[in-house]
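Below: one structure, written as structure tokens.
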Amino acid sequence: MKIGVNGILFAGLWRSPARAALAHARRVAPAFPANRRVDVALLSREAFDAIEFDAACTGDHRAAAQQMTLLADTGTQTPGMPRAEAYTRAGEQWLLADEPAAAANGFMRALEDGGPSFVDPRAPLARALFMMDRTEDAEALIDQLAAEPPREPRMCDLVAELLVERLDMIGALAWVNAGIELCLGGSPGPVASAGDADTSDTSEPDEAAAANAVPALPPGDRAELRLLLSLRFRIRNDMGLPEDAYDRLLDDLSSGPGSIAGLSGETTSTSAASSRSTRTVSPSAISPDSSSFAS
């Protein structure tokens, strides 16, 4: 079976261990009289958070993925947990379980559903395809995302990290800059139009605008901004680029959970720079327009 997403074909992504688990659950499910009401589980973010937390503690991401997939298949979606988001979160657990085919299946189910999710499922789907050695399909997905104005800082973070792993530092820097701009209330254009500007651009980010925007950010957005700034620092450091205002902003964000009092114009110390490390934080709940996800 082949499913097309904007002209990209994916084959064999629907056969997963979760399918077998669901089939088994249906086989062993007790038969109820026709006149007896059977309660159907409601999908909830709290339930998925609990499953995710248990998986992080035990390391059993495969069991978490199976449980999430079963819930996504059989539960009733709610405004707080759309079915597409349930499949996307299940797919992430399959990735952590090192089962990319099952993960791709989950992300494809999310795309087929077409509902909102905390992140565009195409971003983690690209990772799954790279893990399956389907490089051309993965690169086509990234090109597709790059041709559209980005809407989610989390998606920019995921694509940037993936490109860092692929040693595409210029592409990763373009994505991380777009994510930071989104966090600070900007509206960046398509990443594909960024070109190689960041390798030669010597102008600094608007320090005053950043300082004014950050205090108003909710905690989840502030955490995402810190991750993006940390990743940006690593990328620019590897590229041999000098420190700029965003690096000083990262130092202020790292200094404590309170409001930012101001941005220092002084060069950061070695100890402060060494504190710029990345990952991992739970994804914030972002529900983008899903019209572009339709197959």
Side-chain angles (χ1 to χ4, degrees), residues 5-8 10 88 91-92 94-96 98 100 103-104 107-108 110-111 117-184 186-201 205 223-242 244 246-247 250 276-281 283-284 286 288 292-293:
V5 179
N6 290 339
I8 302 171
F10 302 95
T88 302
E92 289 191 328
W94 284 118
L95 281 180
L96 291 170
D98 198 25
F107 301 134
M108 287 297 299
L111 288 167
S117 179
F118 68 95
V119 71
D120 189 324
R122 290 176 294 177
L125 176 57
R127 175 177 292 279
L129 292 171
F130 274 126
M131 292 172 67
M132 297 164 65
D133 294 324
R134 299 184 62 173
T135 303
E136 290 185 3
D137 283 336
E139 290 176 345
L141 266 184
I142 293 174
D143 290 344
Q144 187 183 104
L145 289 168
E148 305 167 4
R151 293 169 299 185
E152 311 152 10
R154 175 64 175 163
M155 186 267 283
C156 294
D157 186 11
L158 291 177
V159 176
E161 287 189 339
L162 183 55
L163 292 179
V164 166
E165 294 171 15
R166 308 291 297 180
L167 302 181
D168 180 1
M169 296 301 180
I170 294 175
L173 184 56
W175 275 104
V176 81
N177 282 340
I180 292 170
E181 189 175 346
L182 284 170
C183 283
L184 296 176
S187 301
V191 174
S193 65
D196 298 345
D198 290 301
T199 62
S200 58
D201 185 11
E224 187 62 54
L225 175 60
R226 187 180 186 282
L227 287 174
L228 286 162
L229 289 169
S230 297
L231 181 57
R232 182 180 185 271
F233 174 80
R234 284 174 44 208
I235 294 168
R236 285 171 56 85
N237 187 61
D238 288 346
M239 295 174 69
L241 299 176
D244 63 8
Y246 279 165
D247 297 323
L250 174 59
R276 297 174 180 136
S277 59
T278 58
R279 302 242 68 86
T280 294
V281 70
S284 58
I286 303 174
S292 64
F293 300 173

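Here the structure is a predicted model, which means the values were calculated and not measured. When reading the values below, keep in mind they use all heavy atoms of this one structure, side chains included, and skip hydrogens, waters and symmetry mates.
The residue from Glu181, Glu161, Arg234, Arg232 that alone fulfils the side chain to side chain contact (heavy atoms under 4.5 Å, CB included) condition with Val176 is Arg232.
Between the CH2 atom in Trp175 and the CD1 atom in Ile180 there is a gap of 14.0 Å [rounded to 0.5 Å]. One finds the CG atom of Asp238 at 11.0 Å from the CG atom of Leu173 (value rounded to the nearest 0.5 Å). Rounding to the nearest 0.5 angstrom, the gap separating the CZ atom in Phe130 from the CZ atom in Arg166 is 4.0 Å. Here the straight-line distance linking atom CD of Glu139 with atom CD of Glu136 works out to 7.5 Å at 0.5 Å rounding. One finds the CG atom of Leu227 at 9.0 Å from the SG atom of Cys183 (value rounded to the nearest 0.5 Å). In this structure, CG in Leu125 is found 12.0 Å from CG in Leu158, a value given to the nearest 0.5 Å.
Closest approach of Pro100 to Met132, counting heavy atoms only: CB-CG, 3.7 Å. Minimum heavy-atom separation, Pro121 to Ala110: CG-CB, 3.8 Å. What you find for Ala126 and Leu141 is that their closest heavy atoms are N-CD1, 3.9 Å. Here the closest non-hydrogen pair linking Cys156 and Pro150 is SG-CB, 3.7 Å. What you find for Ile235 and Met169 is that their closest heavy atoms are CG2-O, 3.7 Å.
Residues Leu225 and Pro153 form no side-chain contact, since every pair of their non-hydrogen atoms from C-beta on lies 4.5 Å or further apart. Contact annotation: the side chain of Pro149 never approaches that of Ser187 to less than 4.5 Å [non-hydrogen atoms, C-beta and beyond].
With sequence neighbours left out, Leu95 forms a side chain to side chain contact (heavy atoms under 4.5 Å, CB included) with Ala103, Phe107, Pro124, Arg127, Ala128, Met131. Annotation: side chain to side chain contact (heavy atoms under 4.5 Å, CB included) contacts of Asp168 (sequence neighbours excluded): Leu163, Ile170.
Asp247 contributes a side-chain N or O that, together with a main-chain N or O of Asp244, makes up a donor-acceptor pair within less than 3.5 Å. Side chain of Arg122 to main chain of Ile142: no donor-acceptor pair is present (N/O by atom type, distance under 3.5 Å, no hydrogens or angles). A donor-acceptor distance shorter than 3.5 angstrom exists from the side chain of Glu152 to the backbone of Asp120, with no hydrogens or angles considered.
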Task: Chi angles and distances behind the side chain to side chain contact (heavy atoms under 4.5 Å, CB included) call for Leu228, Leu182 - done: CA-CA 11 Å; Leu228 286 162; Leu182 284 170; over 6 Å; no

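For the pair Arg154 and Phe118, the cation-pi test (distance below 6.0 Å, angle within 45°) is failed.
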